[in-house]
> 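Mind having a look at this structure? Questions to follow.
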Amino acid sequence: MPLHHAVLALLTQRPSHGYELKAQFEETIGPQWGGLNIGHLYQILDRLVRDGYVTRSQVSQSDRPDKNLYTLTPAGSAEVGSWATTACVRTGGFRDEVFLKLLGAVSLGTRALTTLVESQRQTYLSELAGLAQQRRAHNDDPLVALLIDAAIAHTKADLGLLDSAERHLGPLAAVRNEQNRQQAVDPDRGRNTGTGTAGGEGQQSEAWSDSA
């Protein structure tokens, strides 16, 4: 529950109400994480109250409705202390849609692979330019700057992956070119051997393959 614990961490500074916590989170973490939905935040706070990590009290306001003030309990303080000092274990794996796109491009042949790699490279370069601009804007916010630096490093690694993809997948795409050409000449070949697609699909793949 990383967001739950982040809320606990913010409450170590002082008791706060919901909109204060939302503003503190977005200011502290910066634009790379994205905004914190206020409805989701209140669900988190309700859960933290039920778990005994936070207490909720009402504060009267003369000119507007009463607001709820959330305060960290000793149990909440112990919980955030344990969480913040324990190593993070990656649980989501390394899934990225670009790998599925590489699978599709290789199946279509060399031209499709080259088109995808070049298009994706331009996208990453555009992202790097935007990140560099954000980094300059948040130079005085250490935590935000660190998160942006991580995004820059990740994007640079993605660019390196594209170079590796061209080297490692290029030969596979070339083999697929030949399979697509053979299937276009003899549509029954792929159907009989189980190595191709139906005739109409083979003609579509041929359009992406290099000409002989």
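Bear in mind the structure is a predicted one, so any value in this text is a computation, not a measurement.
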> For residues Tyr70 and Val7, determine if any side-chain heavy atom of one lies less than 4.5 Å from a side-chain heavy atom of the other.
no
> Let me confirm one number: the CG-CG distance from Asn177 to Leu172, rounded to the nearest 0.5 Å.
11.0 Å
> Applying side-chain contact (heavy atoms from CB on, under 4.5 Å), name anything that partners Ala132, two or more places apart in sequence or on another chain.
Arg136
> Would you please name every residue forming a side-chain contact (heavy atoms from CB on, under 4.5 Å) with Thr55, sequence neighbours left out?
Thr71, Thr73
> State whether the number of non-hydrogen atoms from other residues, nucleotides or ligands found under 6.0 Å of Gln13 atom CD is greater than 12.
yes
> Please check if the side chain of Ser107 supplies one atom and the backbone of Gly104 the other of a donor-acceptor pair under 3.5 Å.
yes
> Return the minimal non-hydrogen interatomic distance between Ala112 and Ala105, and the atom names on each side.
CB-O, 3.7 Å
> Ignoring hydrogens and angles, tell me if any N or O in the side chain of Glu178 forms a donor-acceptor pair with the backbone of Val175 under 3.5 Å.
no
> For the residue pair Leu125 and Leu159, what are the closest heavy atoms and their distance?
CD2-CD1, 4.0 Å
> Restricting to pairs with a member in residues 3-17, which pass salt bridge (Lys or Arg N to Asp or Glu O under 4.0 Å), not counting sequence neighbours?
none
> With side chain to side chain contact (heavy atoms under 4.5 Å, CB included) as the test, would you mind laying out the steps for Leu41 and Leu3 before giving the verdict?
CA-CA 9 Å; Leu41 174 58; Leu3 278 178; over 6 Å; no
> If you group Ile, Leu, Val, Met, Phe, Trp and Tyr by side-chain heavy-atom gaps below 4.5 Å, do Leu72 and Leu10 land in one group?
yes
> Starting at OH of Tyr53, measure out to CG of Leu48 and round the result to the nearest 0.5 Å.
8.5 Å
> Crowded around Lys67 NZ? As in, over 12 foreign heavy atoms under 6.0 Å?
yes
> Say whether Ile152 and Leu162 are linked into one hydrophobic cluster, either directly or through other cluster members, by side-chain heavy-atom distances under 4.5 angstrom.
yes
> Identify the two heavy atoms, one from Trp83 and one from Ala6, that lie closest to each other, and give their separation to 0.1 Å.
CH2-N, 4.2 Å
> Between Thr155 and Ala151 (side chain of the first, backbone of the second, donor and acceptor by atom type, cut-off under 3.5 Å), is there such a pair?
yes
> If you round to the nearest 0.5 Å, how far is OH of Tyr124 from CD of Gln120?
4.0 Å
> How far does CZ of Arg56 sit from NE2 of His17, to the nearest 0.5 angstrom?
15.0 Å
> With sequence neighbours left out, write down each residue that passes side-chain contact (heavy atoms from CB on, under 4.5 Å) with Ser164, or none if nothing qualifies.
Arg167, His168
> Can you give me every donor-acceptor pair (side chain of residues 137-144, partner residue at least two apart or in another chain, under 3.5 Å) with its distance?
{"unit_1": "His138", "atom_1": "ND1", "unit_2": "Asp141", "atom_2": "OD2", "d": "3.2"}
{"unit_1": "Asn139", "atom_1": "OD1", "unit_2": "Arg135", "atom_2": "NH1", "d": "3.0"}

> Around Tyr19, counting heavy atoms of other residues, nucleotides and ligands shown, do more than 12 lie under 6.0 Å from its OH?
no
> What's the separation between atom CG in Leu45 and atom CD1 in Ile38, rounded to the nearest 0.5 Å?
8.0 Å
> Give a yes or no answer on whether the side chain of Thr114 reaches the backbone of Thr110 with a donor-acceptor pair at less than 3.5 Å.
yes
> Between Asp51 and Arg47, does the salt bridge (charged side-chain N to carboxylate O under 4.0 Å, His left out) criterion hold? Intermediate values first, please.
CA-CA 6 Å; Asp51 290 344; Arg47 172 68 182 273; 3.0 Å; yes
> Mind checking who shares a hydrophobic cluster with Leu69, ILVMFWY linked at side-chain heavy-atom distances under 4.5 Å?
Val59
> Go through the structure and list residues passing side-chain hydrogen bond (donor to acceptor under 3.5 Å, both in side chains) with Gln134, not counting sequence neighbours.
Gln32
> Taking salt bridge (charged side-chain N to carboxylate O under 4.0 Å, His left out) as the definition, give me every residue that meets it alongside Glu26, ordered by chain and number, with sequence neighbours left out.
Lys22
> In Å, rounded to the nearest 0.5 Å, how long is the span from CG of Leu161 to CG of Asp96?
8.0 Å
> Among residues at least two apart in sequence or on other chains, which ones pass salt bridge (charged side-chain N to carboxylate O under 4.0 Å, His left out) with Arg121?
Glu118, Asp163, Glu166
> Using the side chain to side chain contact (heavy atoms under 4.5 Å, CB included) rule, take Glu79 and His5 through it: C-alpha gap first, then chi angles, then the decisive distance, then the call.
CA-CA 8 Å; Glu79 176 67 18; His5 288 98; 2.8 Å; yes
> Please evaluate residues His4 and Leu8 with respect to the criterion side chain to side chain contact (heavy atoms under 4.5 Å, CB included), reporting the C-alpha separation (whole Å), side-chain torsions for both, the decisive distance (0.1 Å), and the verdict.
CA-CA 6 Å; His4 292 65; Leu8 291 178; 5.9 Å; no
> Between Asn37 (side chain only) and Gly39 (backbone N and O only), is there a donor and an acceptor less than 3.5 Å apart?
yes
> Nearest heavy-atom pair of Leu113 and Val106: which atoms, and what distance?
CD1-CG2, 4.3 Å
> What residues form a side-chain contact (heavy atoms from CB on, under 4.5 Å) with Ala9, not counting sequence neighbours?
Val80
> Quick one: list whatever passes side-chain hydrogen bond (donor to acceptor under 3.5 Å, both in side chains) with Asn68, sequence neighbours left out.
none
> Where do Pro15 and Glu20 come nearest, in terms of heavy atoms and distance?
O-OE1, 4.3 Å
> Answer yes or no: is there a donor N or O on one side and an acceptor on the other, between the side chain of Thr85 and the main chain of Gly81, under 3.5 Å?
yes
